[in-house]
Amino acid sequence: MLDKLTGKPVHYFVQLVAMIGIAAGLPYSKIPLSIGTILLGLNVILLWDWKMVWRNWISNRWLWLLFAYVGLEALSILWSDNKAEALDMIRKEMPLYTIPLAIVAIPLKSFKHYVWVALGFLAAVFITSFINVGTYFHWWGAKVYDDIRSLSLFISHLRFAMMIVLALVFCAAWWIRKFQYRWIAAILSCWFVYYINLSQIGMGYVTFSGVVFMMFCFKVKSVKKIWVKRGLVVFFVLCILTSLVFIFVKLQPIPHKMKIDAYGHGLRTVNGNLYTFDNPENMIWENGYPVQYFVSDEELEKEWGEVSDIPYRDGTDLKGNPIRNILQRYMTSKGLRKDSVDFQQMTETDVLNVERGFASVEMVKGGISAQIYRMRNQLNNVEDPNGKSLLEKVESNKAGFAIVKQHPVLGVGVGDIKEAFRETYVLNHTKLTRENQHLTHNQYLTSWIVGGIFCFIAFVVWWFAQLAAALKIHAFEWTGFLVITMLSFLIEDTLQTQTGVTFVAFFFAYFVTGKKIFYLAREGLRNES
C-alpha cells in the first residue's frame, strides 16, 4: 500500500529497520523486541498484498515444520484442565510464530542487508558485554555484585551467553568470507572468548564447545590432502580426550592433606585459647583441609572486626551467607588454622574476597577453574540439591521423565505442565524447596510433556531437518546458530522466556529466508552480491 502511494520500497525499508532493531535489541532489553515485533506485523498488514504474502508463506517448508510443532502444542489445549494457563502459555510463545511469519512474508533480498542485520547484532552484543565487564570491574559506577551471574546487567545471563557465542560465529564468518577489516573480527573474537571464560556460565561453555567442534568439521571438509585431514582429526581427537581427562581429574574429590588428630597438633592457640573441633563424621573438607578444625571463634571475631565492618557472629556476605562460615572455609582452603596467628596471612584482597562470598581460593581464580570447583563441590555433596544448579537440573529432569512415563502419548497438555511438576515433585519426595522446583530445563523433554510423543517428534524434526539442510549447503552461520540453539535445548527451557523465544524465532527466520542469498549449494561460503 505505502509502496504504491510513494512509489518507493517503503515496506522493504521498514522491514529492514525492524529487523535491525530486533537484532540490536536482543542483548539489551525486551522493549525493542516488542516494538520491533509489532512493527514487523503492522508492516505486513499495511502492505496489503495478501496474495504475495500467502505465496511466500506456502512456499516456505520451514514454516510448515514450525507450525507442525506449534499446532500440536496448541492442540494439547483440548486435554488441558487449566484452559486459562494454556492460553497464557500459548500467548507467551507468540513471537515463535509471528516473527517468522512476518519475516517470511517480506524477506530481505540483498546480501548486504543481511550483513547489516548481523552487524547490528554484533555491535549490540559487543557494547553490552563491554558495559557488563566495565561495571563489574568498576571502570565506572559502584555496583556491588553478589554473584558472577550478575555480570549480565540487562538480560538473563543464559540468553546472553548464547548471543555471545553466536556473535563469535559471525566474527568467524567475517574472517572466512575475507570481508574488509578482518582485524576487527579477530579482536572481537578474542573479546568474546574472554567474556565466555569470565562469565563462568555453563551455557556459554557448552555452546562454545559445540561451535568449536562445528568450526573444526568445516575446516576438515575444506582440506583436500588426505594426510593433512587425517592429521587434523587425530590432533583434534587428542585435544578432546586430553580435555575430558583433565575435567575428569579435576572433578575428583581432593585427597585429604592432613589427618584429623587434634592431640597430635595441640589443643590451644599460641595465645592460650582452646581450639574447637567438630565431630569427624560431620567434617566438611575444603581444598583437602578440614573446615571445622582448629577453630578459635574468639580470636577470629577480634581479628575480623579490625579489618571489616561486617559483624563476625551474625553478619552475612554479599550473597547472604553467614560471614563466619565463609571466612572459616576460605582460610581452610588456604591451609590456615582459624586463629589470630594464621589470620595475619590474610591480605586485604582475601578479606574482600570473603566479604564478596568467595568460600575458597579456587573460586577467586574465576573462569573454567571456578566452574569446575563449583561442579566438584556439587557432585561431592549431593545430599542437599538446593542452590546447586547442576543438582537442581538433575532433580527437574527426574521429575520430567517421570511425567513422560505417566503420559507418553498425549502429554499433560500445555496448561497443566506446572501443576504436573508440582505433583511429581511431591510424589518423588524431592529435597528441593518449593522455590527451586522448576520445569525440566530441557526443551526437548518439555515438548514431550506438553504435547506428547508426536509433539516431541515434530519439534525434533523441525530442528534436525534444518541442521541437515544447513550442512548440505555448507551454511556456516546457519549451522552455528543451530548448534547453539539445539545444545541450549538440552540444558534449558529456552522457549519459556520472551528473550529466548524471540532470539530463536528471529534468527530461525533470518537464516531460512536468507539461505539462498548466503549460500550457493555445495560451494561453501560464497554469496550473491
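Only this structure's heavy atoms are used, side chains among them; waters, hydrogens and symmetry mates stay out.
A donor-acceptor pair is defined here as one N or O able to donate and one able to accept, closer than 3.5 Å; no such pair exists between the side chain of Glu477 and the backbone of Phe170. Put simply, the side chain of Asp416 never gets that close to the backbone of Glu419: no donor and acceptor are under 3.5 Å apart. Of the possible polar contacts, one joining the Ser129 side chain to the Phe126 backbone as a donor-acceptor pair under 3.5 Å is found. Of the possible donor and acceptor atoms, none in the side chain of Asn197 sits under 3.5 Å from a partner among the backbone N and O of Gly367. Checked by atom type and distance alone, the side chain of Ser447 never pairs as donor or acceptor with a backbone atom of Cys455 at under 3.5 Å. The backbone N or O of Gln371 lies less than 3.5 Å from no partner atom in the side chain of Tyr205, so there is not a single donor-acceptor pair. Side chain of Asn386 to main chain of Lys431: a donor-acceptor pair is present (N/O by atom type, distance under 3.5 Å, no hydrogens or angles). In terms of modelled atom types and a separation under 3.5 Å, the side chain of Ser76 and the main chain of Glu73 share a donor-acceptor contact. Between the side chain of Ser29 and the main chain of Ile31, a donor-acceptor pair closer than 3.5 Å is present. The main-chain N or O of Asn321 is found under 3.5 Å from a side-chain atom of Asp317 such that the two form a donor-acceptor pair.
Asp493 and Thr446 form a side-chain donor-acceptor contact under 3.5 Å, judged by distance and modelled atom types alone. In summary, the side chains of Thr430 and Glu395 do present a donor paired with an acceptor at a separation below 3.5 Å, with no hydrogens or angles considered. In the model, Asn377 has a side-chain atom that pairs as donor or acceptor with a side-chain atom of Tyr373 under 3.5 Å. Side-chain contact annotation: Asn397 with Thr440, donor-acceptor N/O pair under 3.5 Å absent. Side-chain contact check for Tyr425 and Ser396: no donor-acceptor pair (N or O, by modelled atom type) lies under 3.5 Å.
By the 6.0 Å contact criterion, CH2 on Trp50 is enclosed, its count of non-hydrogen atoms from other residues, nucleotides or ligands being greater than 12. Within 6.0 Å of the CD atom in Gln180, the count of heavy atoms belonging to other residues, nucleotides or ligands does not exceed 12. Counting non-hydrogen atoms of neighbouring residues, nucleotides and ligands closer than 6.0 angstrom, the CZ atom of Phe454 reaches no more than 12 such neighbours. More than 12 heavy atoms of other residues, nucleotides or ligands lie within 6.0 Å of CH2 in Trp140, so this atom counts as buried by the packing criterion. Heavy atoms of other residues, nucleotides or ligands lying less than 6.0 angstrom from CZ of Phe137 number more than 12. Other residues, nucleotides and ligands place no more than 12 heavy atoms under 6.0 Å from the CE atom of Met94.
Two residues are said to be in side-chain contact when any heavy atoms from C-beta on lie closer than 4.5 Å; Gln200 and Arg374 meet this criterion. No side-chain heavy atom of Thr207 sits under 4.5 Å from any side-chain heavy atom of Val483. Annotation: side chain of Phe421 is in contact with side chain of Ile403 (closest heavy-atom distance under 4.5 Å). A heavy-atom distance below 4.5 Å is not found between the side chains of Val211 and Leu166. In this structure, Lys83 and Ile77 have side chains that are in contact, with non-hydrogen atoms separated by less than 4.5 Å. Put simply, the side chain of Phe506 reaches to within 4.5 Å of the side chain of Val117, judged on heavy atoms. Using a 4.5 Å cut-off on side-chain heavy atoms (C-beta onward), Leu251 and Met375 make contact. With contacts defined as side-chain heavy-atom distances shorter than 4.5 Å, the pair Leu122/Cys171 qualifies.
Closest non-hydrogen pair, Pro100 versus Leu63, comes out as CB-CD2, 3.8 Å. Smallest separation of non-hydrogen atoms from Leu66 and Tyr97: CD2-CA, 4.2 Å. Here the closest heavy-atom approach between residue Leu487 and residue Val206 is recorded as CD1-O, 3.6 Å. Nearest heavy atoms, Gly204 versus Val165: O-CG2, 4.0 Å. Shown here for Val414 and Ser80, the closest heavy-atom pair between the two residues is N-OG, 3.2 Å.
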| message | One pair to check against side-chain contact (heavy atoms from CB on, under 4.5 Å): Gln378 and Ser389. What are the steps and the verdict? | response | CA-CA 9 Å; Gln378 293 184 36; Ser389 58; 3.9 Å; yes
| Glu93/Val70 under side-chain contact (heavy atoms from CB on, under 4.5 Å): CA gap, chis, key distance, verdict | CA-CA 9 Å; Glu93 285 190 358; Val70 172; 5.7 Å; no
| Verdict with reasoning, Phe508 to Gln466, per side-chain contact (heavy atoms from CB on, under 4.5 Å) | CA-CA 9 Å; Phe508 160 72; Gln466 288 183 75; 3.3 Å; yes
| Which is it for Asn43 and Val10 under the side-chain contact (heavy atoms from CB on, under 4.5 Å) test, yes or no, and what are the steps along the way? | CA-CA 9 Å; Asn43 193 38; Val10 176; over 6 Å; no
| message | Determine whether Asn436 and Thr433 satisfy the following criterion, side chain to side chain donor-acceptor pair (under 3.5 Å), listing intermediate values before the conclusion. | response | CA-CA 5 Å; Asn436 291 325; Thr433 57; 3.1 Å; yes
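Every residue meeting the side-chain hydrogen bond (donor to acceptor under 3.5 Å, both in side chains) condition with Ser34, not counting sequence neighbours, appears here in chain and number order: Gln498. Listed by chain and number, the residues in a salt bridge (Lys or Arg N to Asp or Glu O under 4.0 Å) with Glu492 are Lys393 (sequence neighbours excluded). For Lys219, there are no salt bridge (Lys or Arg N to Asp or Glu O under 4.0 Å) partners, not counting sequence neighbours.
If you take CD on Gln437 and OG1 on Thr424, they are separated by 10.0 Å, rounding to the nearest 0.5 Å. We find the CD1-CE distance between Ile201 and Met162 to be 13.5 Å, quoted to the nearest 0.5 Å. Rounded to the nearest 0.5 Å, atoms OG1 (Thr479) and CZ (Phe476) are 8.5 Å apart. Separation of atoms CD1 (Ile457) and CZ (Phe464) is listed at 13.0 Å; rounding is to 0.5 Å. Rounded to the nearest 0.5 angstrom, Ser488 OG and Arg159 CZ are separated by 7.5 Å. Interatomic distance, OG1 of Thr502 versus CD1 of Ile155, reported as 10.5 Å (0.5 Å rounding).
Note: Trp191 and Tyr194 meet the aromatic proximity criterion, with ring centroids under 6.0 Å apart. For Tyr510 and Phe507, the gap between ring centers is short of 6.0 Å. For Trp64 and Trp62, the distance between ring centers is not under 6.0 angstrom.
With Tyr195 as reference, Phe160 is the one residue of Phe160, Phe208, Phe130 to meet the ring-ring contact (aromatic ring centres under 6.0 Å, His included) rule. Screening Phe459, Tyr69, Trp463, Phe456 for a ring-ring contact (aromatic ring centres under 6.0 Å, His included) with Tyr444, the sole residue that qualifies is Phe459.
The aromatic rings of Phe218 and His474 sit perpendicular to each other, their planes meeting at more than 60°, with 30° as the lower class boundary. Using bins of under 30°, 30° to 60° and over 60° for the plane-to-plane angle, the ring pair His113/Tyr12 lands in the tilted bin. Aromatic ring pairs are classed by plane angle as parallel below 30°, tilted from 30° to 60° and perpendicular above 60°; the pair Phe121 and Phe503 is tilted.
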